[in-house]
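Take a look at the structure below.
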Amino acid sequence: MLALLGPSGSGKTTLLRLVAGLEAPTAGRLLFDDEDATHLSVGERRVGFVFQSYALFRHQSVAENIAYGLRVRPRRTRPSNAEIKRRVAELLDLVQLNGLDRRRPSELSGGQRQRVALARALAVEPRVLLLDEPFGALDAQVRRDLRRWLRELHDRTGHTTLFVTHDQDEALELADRVAILHRGRLEQIGTPDDILDRPATSFVAGFVGEAVRIPAEVREGVLRIGAQYVPAPAGQRAGNFDLFVRPSDVVVTDGSDEALSAKVVGVRRTGPARRAELSLGEGLPTVEIQLPARHALRKGESLQVRLATVRLFASGTRAGR
Amino acid sequence: MSIAAIGVPGRSFVRPSALPGFGITFGFAITYLSLIVLIPLAALVWRASGLGFGGIWRVATDPRVVAALDTSFGTSALAALTNAFFGAIVAWVLTRYRFPGRRLLDATVDLPFALPTAVAGIALATLYAPTGWIGALFARWDIKLAYTPTGIFIALVFIGLPFVVRTVQPVLQDLDREIEEASATLGASRWQTVTRVVLPPLVPAILTGVGLAFARAVGEYGSVIFIAGNMPFRSEIAPLLIVTRLEDFDYAGASAIAVIMLAISFVILLAINLLQAFLQRRLGHA
């Protein structure tokens, strides 16, 4: 299960449509396993595509929608009516919509429509399942349930699945591997751990994990952040860098030579935790940290923090780690 | 307190709605329809009723009247169905493809609306007469277009085209392109996609267009009389017969034919509307 993750306009959906054959590439090749599918037509590729808007056929019932891919087959390969009926019942069972087979799409909720679209795509036994923003149009609760359900379904059926999302939590939680796209380029592809712990480019470092980018400089083993100096990571070469700081990177400490002094510029309570915005110096973007609720911080207070992880990328370019 | 009186469920003439203004808009609609449509039609029926039921029946069974009604309704139906097919294709081309001159072509569709019908009739007659550009081509095979029922058909197709195009166009425009792509990814051929996925949602709109084109064709007079030849029992339309009766000062006879036409038209249009409402429901528009 691969997630295509990126900001809007990064080319996620275009890439998905290329795989489906709904767009033609100007260059390059598309392989399914070892077979060249570049010049196969949409119908020949046997992909299951679930559109963001679901694109259900409004004039057909749920069962007719699901059966569509089987019914349009040429007579030679078309299953018998009884076989189609059996397949539809099986798929309705799989997507947990038993008893709704006679309903029209307009009589279903958003989550149910989504599952009908999925069942319709699965009916043709696709080689790849392609999902375009599968949870985009659903409310938070349904989204969470469907996410878990889709993962279970995937584990059960084992379809190769590609899904597009702009929600990084969704991508990192659901996918085995995540591909990060930016302006039509692949920035990094890897497991969620790779993406989170070893971002390959400064874009990835800034995109995932609510990171804040702070300009920094390294000279003779010393890292300068604003007007403060801390030891640079061992072996770090000198130069101008972007320092990416995530909330989880900042640890409150009681003073050492690695400590930075920070000023609390805002405190918010979010659920069981408390979030504080810290300023590391005049004119620098504020850094957010998360603390247990019992830490009663006040605005204007000063404290000492330490960076548990120092993520440096040469300004605007690919990083040499 | 009088609060208890609000929201008491009870049988009422109209289902309660959150939108205010039912009283005034309903009153306006009824008054307007009465003035513009119902009162003139009532006057027509009243006028014809001077003949008595037997008199109207005699007019209705007069062979010449029957022939004219047959020509009018038969040709109109044929023309409306022809327009359903070609109008849908024109609407498809105009909404689905981008080509130079599209806007011009789009505007051209409305011309049959704007042209005085007599002008259209004369233009068509000139073109399709045995000596005209198109008529001459067919004259070589001994086929006569103008001054025959075929001529009537041509005129009625001409004036009816915009109705189908203009009713289908917006529906086609709103049709989600993704349902076609979904159909393609499921392995359907282009033909299957068009007939199974694109066409069904268009049927109610096509029906509406057919109903309008048919109604217009039944009542059409100006363009037809120039191209029809107007031979009794062959190419004479009912509206022309009405005018002929009027010129003979047979006002009751004229209104009797008119009432018969009205009754037939009403039944047909009602049937089309009911069918359309049924299909709309089936399509899940509610």
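As the structure is a computational prediction, the values presented were derived from the model and not from experiment. Residue numbers begin at 1 in each chain, while the letters A, B, ... track the order of the sequences.
Using a distance-only test at 3.5 Å, with no hydrogens or angles considered, a donor-acceptor pair links the side chain of B:Q192 to the main chain of A:V72.
With a threshold of 4.5 angstrom between heavy atoms, B:R196 approaches chain A through its backbone and through its side chain. Both the backbone and the side chain of A:R71 come within contact range of chain B, with heavy atoms under 4.5 Å apart. At a 4.5 Å heavy-atom cutoff, A:L70 makes no contact with chain B through either its backbone or its side chain. Using a 4.5 Å cut-off between heavy atoms, B:S189 does not touch chain A at all. In this structure, chain B has no heavy atom under 4.5 Å from any part of A:A117.
In this structure, CZ in B:R177 is found 11.0 Å from CG in A:L22, a value given to the nearest 0.5 Å.
At least one side-chain heavy atom of B:E181 sits under 4.5 Å from a side-chain heavy atom of A:F51.
Residue B:L35 places its CG atom among more than 12 non-hydrogen atoms of other residues, nucleotides or ligands, all under 6.0 Å distant. Summarising the local packing, CZ of B:R98 is surrounded by more than 12 heavy atoms from other residues, nucleotides or ligands at distances under 6.0 Å. Counted within 6.0 Å of CZ on A:R185, heavy atoms from surrounding residues, nucleotides or ligands total 12 or fewer; the atom is thus considered open. Heavy-atom contacts from other residues, nucleotides or ligands closer than 6.0 Å to CZ of A:R177 number 12 or fewer. By the neighbour-count criterion of 12 heavy atoms within 6.0 Å, atom CZ of B:R96 is densely surrounded, having more than that number from other residues, nucleotides or ligands. Around atom CZ of B:F113, more than 12 heavy atoms belonging to other residues, nucleotides or ligands sit under 6.0 Å away. Enclosure of atom CZ in A:R148 is not indicated, since only 12 or fewer non-hydrogen atoms of other residues, nucleotides or ligands lie within 6.0 angstrom. Other residues, nucleotides and ligands contribute more than 12 heavy atoms inside 6.0 Å of the CG atom of A:D36.
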Residue pair A:Y68, B:V197: steps toward the side chain to side chain contact (heavy atoms under 4.5 Å, CB included) verdict: CA-CA 10 Å; A:Y68 184 86; B:V197 168; 3.3 Å; yes
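Top candidate by heavy-atom pairs under 4.5 Å with chain B, chosen from A:Q52, A:E107, A:R17, is A:R17. Heavy-atom pairs under 4.5 Å with chain A were tallied for B:T193, B:D176, B:L186; the largest tally goes to B:L186.
When all heavy atoms of B:E178 and A:S53 are compared, the pair lying nearest together is OE1-OG, 2.5 Å.
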